[in-house]
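Accompanying notes for the structure given below.
Labels below follow one simple rule: chain letters A, B, ... track the order of the sequence lines, proteins then strands, and each chain is numbered from 1. Just the heavy atoms: all of them, side chains too, but no hydrogens, waters or symmetry mates, feed the values below.
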There are 2 protein chains.
Amino acid sequence: MSKATALHHDYETLLREAGVRITKQRQAILKIIADAADHPDAMEIYNRASALDASVSLPTVYRTMKTLEENGAIRRHTFEGGPSRFEHADSEHHDHLIDVDTGSVIEFTSPKIEALQREIAEELGYDIIHHRLEIYGKRRR
Amino acid sequence: MSKATALHHDYETLLREAGVRITKQRQAILKIIADAADHPDAMEIYNRASALDASVSLPTVYRTMKTLEENGAIRRHTFEGGPSRFEHADSEHHDHLIDVDTGSVIEFTSPKIEALQREIAEELGYDIIHHRLEIYGKRRR
DNA sequence: AATGCAGTTGAAAATCACTTGCAATTAGTT
DNA sequence: AACTAATTGCAAGTGATTTTCAACTGCATT
């Protein structure tokens with residue numbers, strides 16, 4: 001009994017339960033998202049999904065990303081300069097280290113930093129809605 | 001002998017020394033930037049500078065921002081959704097708390113968070129080029 | 001002060017990342 | 001199978017920013 005990944009990413013069921021119709025275009029996009037181990041942008045998702053179903057269009061990718069985001073299934077990130085990039089939302093919160101040379105993204109978490117942020121917001125009289133911490137770095141050699 | 005602000009923001013001299021010509025359009029833009037206590041975007045800078053010199057155009061605002069950024073005089077921030085916003089680069093590094101209701105920006109620093117970030121990058125084998133930490137919050141009432 | 005010319009300008013067009021309008025199509029109920 | 005509202009692709013529209021290009025202008029040099 002294999003268990004390739006810890007999570008199933010059953011976006012189809014999730015969307016269906018939210019009253020969203022599962023079209024063949026969305027099936028292709030959903031599969032790409034579910035299988036993605038990286039943080040692809042819309043164009044990249046469009047390219048990958050087109051290979052599964054040539055009828056997928058870029059507007060549909062954007063519309064599907066929006067729907068998934070509204071249903072809490074994915075998270076959107078806008079790193080410096082570039083277009084929005086997406087990732088599953090089911091993992092616990094984490095921040096990102098972006099390799100400025102390759103654009104690849106490494107995830108990390110720091111409970112200490114999280115706690116310090118809450119302290120800071122507290123002192124300034126604010127409730128945190130969300131935050132983003134991005135470290136842009138170069139691999140040491 | 002008055003000393004209104006701690007820093008002079010003498011962008012004109014800085015640019016001149018970098019071999020950049022000081023046109024009347026740039027003088028107007030530079031004055032707006034030097035006097036700005038907030039984080040205006042290009043359109044806002046254009047509006048303010050137009051009052052000083054009607055011949056300033058939006059492309060020139062963008063070109064001047066780019067030149068200032070390349071010379072390390074200003075910093076560009078792209079907060080969620082909105083356009084780039086600019087601020088002087090001479091102050092010490094700080095992070096931002098953005099009021100999601102008003103769009104206003106509060107600056108803060110946390111040496112502890114900075115230190116933790118260095119530790120994290122270190123562990124991952126990276127040298128930090130720069131980073132950004134933004135907290136999006138609502139004022140507590 | 002006049003000259004020369006590379007740097008700079010504004011206007012218009014181009015680009016980039018999305019978003020929207022709309023007529024045709026289709027998923028999913030009845 | 002019939003129905004109908006959700007969804008689609010295409011084309012056009014946005015908003016932010018950049019580029020093209022011919023005209024103009026700092027400013028170093030006569």
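Within 4.0 Å of B/Pro83, counting heavy atoms only, lie sugar-phosphate atoms of the nucleic acid but no base atom.
Atoms CZ (A/Arg85) and P (C/dA17) sit 13 Å apart, rounded to a whole Å. Across the protein-nucleic acid pair, A/Met65 atom CE and D/dT8 atom P stand 11 Å apart, rounded to whole Å. Summarising the geometry, the separation between CG on A/Leu58 and P on C/dT20 is reported as 14 Å, rounded to the nearest angstrom. Straight-line distance from the CD atom of A/Glu80 to the C1' atom of D/dT17: 16 Å, rounded to whole Å. Spacing between atom CE of A/Met43 and atom P of C/dC16 amounts to 10 Å, rounded to whole angstrom units. When the P atom of D/dT17 is taken as reference, atom NZ of B/Lys66 falls 13 Å away, rounded to whole Å. Between the CD atom of A/Glu44 and the C1' atom of C/dA17 there is a distance of 16 Å, given to the nearest Å. Distance CZ (B/Arg63) to P (D/dT25): 15 Å, rounded to an integer number of Å.
OP1 or OP2 of C/dC18 sits under 4.0 Å from a side-chain N or O of A/Tyr62. Within the structure, a side-chain polar atom (N or O) of A/Ser84 is placed less than 4.0 Å from OP1 or OP2 of C/dC18. The shortest distance between the side-chain N/O atoms of A/Ser57 and the OP1/OP2 oxygens of D/dC10 is not below 4.0 Å. For C/dT9, the OP1/OP2 oxygens have a side-chain nitrogen or oxygen of B/Arg26 closer than 4.0 Å.
A salt bridge is absent between B/Arg26 and B/Glu12: the closest approach of a Lys/Arg side-chain nitrogen to an acidic carboxylate oxygen does not fall below 4.0 angstrom. Ion pairing of A/Arg132 with A/Asp95 is absent here, as no side-chain N (NZ or NE/NH1/NH2) approaches a carboxylate O to less than 4.0 Å.
Note: A/Phe86 and A/His77 fail the aromatic proximity criterion, with ring centroids not under 6.0 Å apart.
B/Leu116 and B/Phe108 fall within the same hydrophobic cluster, where Ile, Leu, Val, Met, Phe, Trp and Tyr residues are linked whenever their side-chain heavy atoms come under 4.5 Å apart, directly or through other members.
Taking only side-chain atoms of B/Thr60, from C-beta outward, the nucleotide of C/dT9, D/dT8, D/dT17 with the closest atom is C/dT9.
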Using a 3.5 Å cut-off and no angle test, enumerate the donor-acceptor pairs between side-chain atoms of residues 28-43 of chain B and protein atoms at least two apart in sequence or in another chain.
| residue | atom | partner | partner atom | Å |
| --- | --- | --- | --- | --- |
| B/Lys31 | NZ | B/Asp35 | OD2 | 2.7 |
| B/Asp38 | OD1 | B/Arg48 | NH1 | 3.3 |
| B/Asp38 | OD2 | B/Arg48 | NH2 | 2.7 |
| B/His39 | NE2 | B/Glu87 | OE1 | 2.9 |
| B/His39 | NE2 | B/Glu107 | OE2 | 3.1 |
| B/Asp41 | OD1 | B/Met43 | N | 3.2 |
| B/Asp41 | OD1 | B/Glu44 | N | 2.8 |

Under 3.5 Å, which protein N or O atoms sit close to an N or O of nucleotides 26-29 of chain C? Give each pair with its distance.
| residue | atom | partner | partner atom | Å |
| --- | --- | --- | --- | --- |
| C/dA27 | N3 | A/Arg21 | NH1 | 3.0 |
| C/dG28 | OP1 | A/Arg16 | NH1 | 3.0 |
| C/dG28 | OP1 | A/Ile22 | N | 3.0 |

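Only one option out of A/Val20, A/Leu14, A/Ile74 pairs with A/Leu68 in a side chain to side chain contact (heavy atoms under 4.5 Å, CB included); it is A/Ile74.
A/Arg85 places a side-chain heavy atom less than 4.5 Å from the side chain of A/Val105.
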